[in-house]
Engineer: 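Just passing along the structure, written as structure tokens.
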Amino acid sequence: MKLNANILLLLATRAVASNAGSGNSSYAVQKPPLTTKWTYTAGTNPWPEYPRPQLERSEWKNLNGIWRYESASDLAAANNPPFNSTLSHEVLVPSCLESALSGIQGNNTLYSWFSTSFTVPSEWDDNVLLNFGAIDYEATVFVNGHNASFHRGGYFQFTVDVTKYLTSGENELLVFVHDPTDSGDYVIPIGKQTLNPSHIFYTPCSGIWQSVWIESAPANHVVQLDLAADMHGVVNTTVYTSQKNAEKVEVAIIDAKSGKSVASHQGLSNEPFHFTVSSPKLWSPDSPTLYNVTVTFGKDKIQSYTGFRTVSKGTVDGVVRPLLNGEFIFWFGTLDQGYWPDGLYTPPNREAMVYDIQTLKKLGFNMLRKHIKVETALFYRACDELGLMVIQDMPALRPLQSILPNDAQQQEFVRQLEVLVNQLKSYPSIVTWVIYNEGWGQLIEGYPEFALTDLVKQLDPTRLVDSTTGWYDHGAGDFSDNHHYANPQCGTPFYSISSSPFDPKRIGFQGEFGGIGNNVSLEHLWNNQAAINSINQTYEIDETIDSWNYRSHYLLSELKDQIELFSCSGGVWTQTTDVEGEVNGLLTYDRRVLRTDEKQWKADIQALYDAATARQNSTVSARSLGI
Ligand SMILES: *[C@@H]1O[C@H](CO)[C@@H](O)[C@H](O)[C@H]1NC(C)=O
Ligand SMILES: *[C@@H]1O[C@H](CO)[C@@H](O)[C@H](O)[C@H]1NC(C)=O
Ligand SMILES: *[C@@H]1O[C@H](CO)[C@@H](O)[C@H](O)[C@H]1NC(C)=O
Ligand SMILES: *[C@@H]1O[C@H](CO)[C@@H](O)[C@H](O)[C@H]1NC(C)=O
Ligand SMILES: *[C@@H]1O[C@H](CO)[C@@H](O)[C@H](O)[C@H]1NC(C)=O
Ligand SMILES: *[C@@H]1O[C@H](CO)[C@@H](O)[C@H](O)[C@H]1NC(C)=O
Ligand SMILES: *[C@@H]1O[C@H](CO)[C@@H](O)[C@H](O)[C@H]1NC(C)=O
Ligand SMILES: *[C@@H]1O[C@H](CO)[C@@H](O)[C@H](O)[C@H]1NC(C)=O
Ligand SMILES: *[C@@H]1O[C@H](CO)[C@@H](O)[C@H](O)[C@H]1NC(C)=O
């Protein structure tokens with residue numbers, strides 16, 4: 001590397017601009033306000049698993065690990081990339097720059113450079129695809145000095161065919177990231193992130209927060225695989241390819257245990273085709289059977305998987321119900337934020353991520369509501385495998401009605417909603433899409449949720465749509481979804497301020513309730529004074545774990561009454577874990593304390609399912625009330 005005076009000056013300027021202090025730094029986990037048992041074991045080769053199990057290729061190379069990072073001053077910096085220079089700080093990829101695991105623990109990291117280098121294995125003789133799981137929020141990707149791609153949207157994967165930019169030795173990969181979060185008048189999908197965290201709004205995540213990898217694929221290769229398999233054994237698939245032409249493609253369904261092919265079919269790429277598997281074992285939370293899938297498109301060979309199940313709605317004994325494989329089961333889950341004290345949006349590792357899901361399964365939950373965040377593909381794979389239905393929220397724009405999107409911002413929100421559905425629509429565990437949470441970013445004029453519901457249904461006719469979970473319900477979508485704390489009002493003939501009366505033409509649902517808090521000692525709290533000061537904004541504080549369990553029992557019993565007496569079809573308990581200034585989780589934020597009395601909760605949750613089953617068969621007193 002040749003350093004001239006200009007480059008030296010540039011380096012010095014950047015070092016000053018850096019949030020992580022001036023000068024060089026090598027990687028070390030920073031001290032987070034709270035640790036988990038995985039904080040110091042996550043290591044510097046994070047997320048070694050193949051990151052995209054629904055479109056998996058055998059020849060791949062993980063680029064996760066220690067990269068270099070430096071903050072940049074503004075958007076214009078992207079026009080002057082620091083090619084061939086050593087950025088000042090080491091950083092862990094994937095991670096959020098604001099997290100302790102990143103090694104940076106920055107604040108206000110709006111503009112950033114990331115760099116690494118890679119070699120392509122000599123045995124690869126096809127094109128090279130560079131894949132990013134997610135970068136928050138905008139990324140410009142430079143390979144060996146070439147602007148290879150620009151991508152916008154903090155929650156979505158993207159792939160760049162970088163073959164034409166590669167050299168035989170080391171290749172330089174440089175990424176410019178711009179993440180405004182809620183600065184200035186930006187109105188973009190951010191979920192719970194804010195530059196000024198307080199109570200229910202949390203530390204933001206900037207940068208490359210999901211896995212990065214390269215893989216070998218033929219020039220004309222599979223770019224997206226849509227797979228839907230239903231309770232009648234019909235597999236409906238579209239295999240999209242990079243050259244968008246109609247060519248022969250073969251899809252085979254494989255028994256995941258025996259490895260035997262149970263059906264295979266030849267169709268054409270880039271158009272839907274379907275075929276039938278006779279008497280497949282169905283997917284459900286109690287029996288989450290998955291089948292392996294192989295796709296052969298010329299030289300491109302893909303491993304994938306699917307589960308056979310049908311999501312629909314129907315009237316059972318006079319009440320509109322969500323149906324899984326034609327049957328009504330009560331949907332009971334938690335509000336699941338997917339936040340970590342050490343990694344923020346990025347769990348410290350797969351084991352930690354799966355621990356949350358297993359905790360829910362153990363208590364008897366059959367669902368979670370993924371709250372205004374999108375997870376890694378491996379998270380949905382785990383829900384598919386372990387048997388947990390997922391209600392997937394679209395990440396919200398700015399909260400409340402303070403700053404609503406203008407036309408261009410609304411268009412971009414809609415574009416990203418489409419990307420969300422297209423990216424996630426092949427996971428069997430996802431049963432419902434949510435468009436708006438509690439009116440956040442929901443334009444009041446013209447009720448946009450009606451057209452957006454139609455759009456989502458057109459992109460994915462195989463699932464239900466919860467158009468507005470909480471607050472501004474004008475009758476769109478499949479659910480009449482109430483939020484109420486602490487006690488539920490689920491499909492009931494009574495309601496409170498900011499909720500709408502139950503609409504019996506749609507599914508009666510409790511999109512949020514519970515939320516009761518229980519303070520813990522400092523060692524389990526997010527040790528940030530502003531967060532601690534906000535704890536008393538919790539709807540209800542129960543002073544002991546016993547009283548918290550007593551209150552939980554009471555609230556779950558109320559929900560059970562509403563199943564028996566009224567039209568309640570499912571509920572979402574707030575929430576899986578504490579987050580920053582919120583202390584209302586089943587688990588504390590560090591996952592070290594499980595507040596639930598396991599025996600009591602299991603019995604209370606089972607009682608919900610039993611009440612729903614019994615309700616389908618018997619005539620109860622509420623019917624005589626004319627409900
Ligand atoms: C940082 O370290 C690299 C190599 O380790 C060196 O080339 C560079 O000059 C250093 N930069 C500063 C600002 O110290
Ligand atoms: C990089 O290329 C994209 C088009 O792919 C373009 O929109 C963007 O402005 C370019 N960025 C820079 C810094 O040249
Ligand atoms: C981070 O930056 C924001 C915006 O500049 C500021 O309001 C906030 O106080 C900072 N937080 C910390 C922990 O430094
Ligand atoms: C980086 O350095 C290499 C080796 O000296 C050189 O071939 C390449 O052109 C440089 N890249 C840029 C973008 O200047
Ligand atoms: C298969 O999926 C496509 C795309 O969603 C849809 O248009 C088509 O009707 C589906 N076919 C069957 C048989 O379900
Ligand atoms: C099915 O796929 C899973 C996940 O890739 C793999 O672990 C398993 O070995 C596969 N089963 C067979 C029989 O190939
Ligand atoms: C909450 O606690 C803070 C200090 O921890 C105190 O200043 C504030 O008055 C309390 N608010 C309420 C509503 O009790
Ligand atoms: C919660 O506990 C922390 C740590 O003991 C304490 O500082 C804080 O005041 C408590 N807050 C409330 C509302 O009880
Ligand atoms: C409800 O009816 C179904 C079918 O009619 C039956 O299989 C089931 O055992 C009944 N459940 C209860 C709780 O009575």
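Counting convention: from 1, in listed order, for ligands and their atoms alike.
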Engineer: Among all protein non-hydrogen atoms, which one is nearest to atom 13 (C) of ligand 5, and what is the separation to 0.1 Å?
Structural biologist: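 Result for atom 13 (C) of ligand 5: H274 ND1, 3.5 Å.
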
Engineer: Hey, would you say the Y202 and Y339 ring centroids sit under 6.0 Å apart?
Structural biologist: yes

Engineer: Assess the pair F308 and W283: is the distance between their ring centroids shorter than 6.0 Å?
Structural biologist: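 For F308 and W283, the ring centres are not under 6.0 Å apart.
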
Engineer: Taking the six-membered ring for Trp, are W113 and Y69 ring centroids under 6.0 Å apart?
Structural biologist: no

Engineer: Measure I541 to ligand 8 on non-hydrogen atoms and call it side chain, backbone, both or neither using the 4.0 Å cut-off.
Structural biologist: neither

Engineer: Which residue supplies the protein heavy atom nearest to atom 1 (C) of ligand 4, what is that atom called, and how far is it?
Structural biologist: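 Going atom by atom, the protein heavy atom closest to atom 1 (C) of ligand 4 ends up being N84 ND2, 1.4 Å.
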
Engineer: For the residue pair S117 and E170, confirm or rule out a side-chain donor-acceptor distance under 3.5 Å.
Structural biologist: yes

Engineer: Can any side-chain N or O of T194 pair as donor or acceptor with the backbone N or O of P197 at less than 3.5 Å?
Structural biologist: no

Engineer: Cation-pi check for W340 against R591: NZ or CZ below 6.0 Å from the six-membered ring centre and within 45 degrees of the axis, yes or no?
Structural biologist: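 Checked: cation-pi criterion met.
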
Engineer: Can you check which of L522, I532, N527 brings a heavy atom nearest to atom 9 (O) of ligand 8?
Structural biologist: I532

Engineer: Please list the nearest protein heavy atom to atom 6 (C) of ligand 5 with its residue and the distance rounded to 0.1 Å.
Structural biologist: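 The answer is N236 ND2, 4.1 Å.
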
Engineer: Classify the ring geometry of Y539 against Y485: parallel below 30°, tilted from 30° to 60°, perpendicular beyond 60°.
Structural biologist: parallel

Engineer: For ligand 4, which atoms, with element, lie under 4.0 Å from some heavy atom of F83?
Structural biologist: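 Those atoms are 13 (C).
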
Engineer: Could you find the nearest protein heavy atom to atom 7 (O) of ligand 5 and give me its residue, atom name and distance?
Structural biologist: P272 CG, 4.8 Å

Engineer: Which one of N519, N533, I535 has a non-hydrogen atom at the shortest distance from atom 10 (C) of ligand 8?
Structural biologist: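 Closest candidate by heavy-atom distance is N519.
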
Engineer: Counting only heavy atoms, which portion of V520 has something under 4.0 Å from ligand 8: side chain, backbone, both, or neither?
Structural biologist: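 Looking at V520 and ligand 8, just backbone atoms fall under 4.0 Å.
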
Engineer: Determine, counting only non-hydrogen atoms of the protein, whether one lies under 4.0 angstrom from atom 4 (C) of ligand 5.
Structural biologist: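 No, no protein heavy atom sits under 4.0 Å from atom 4 (C) of ligand 5.
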
Engineer: Side-chain contact, heavy-atom cut-off 4.5 Å: K61 with W213?
Structural biologist: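 Result no, sub-4.5 Å side-chain heavy-atom pair not found.
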
Engineer: Which atoms of ligand 8 have any heavy atom of L525 under 4.0 Å away?
Structural biologist: 2 (O), 3 (C), 4 (C)

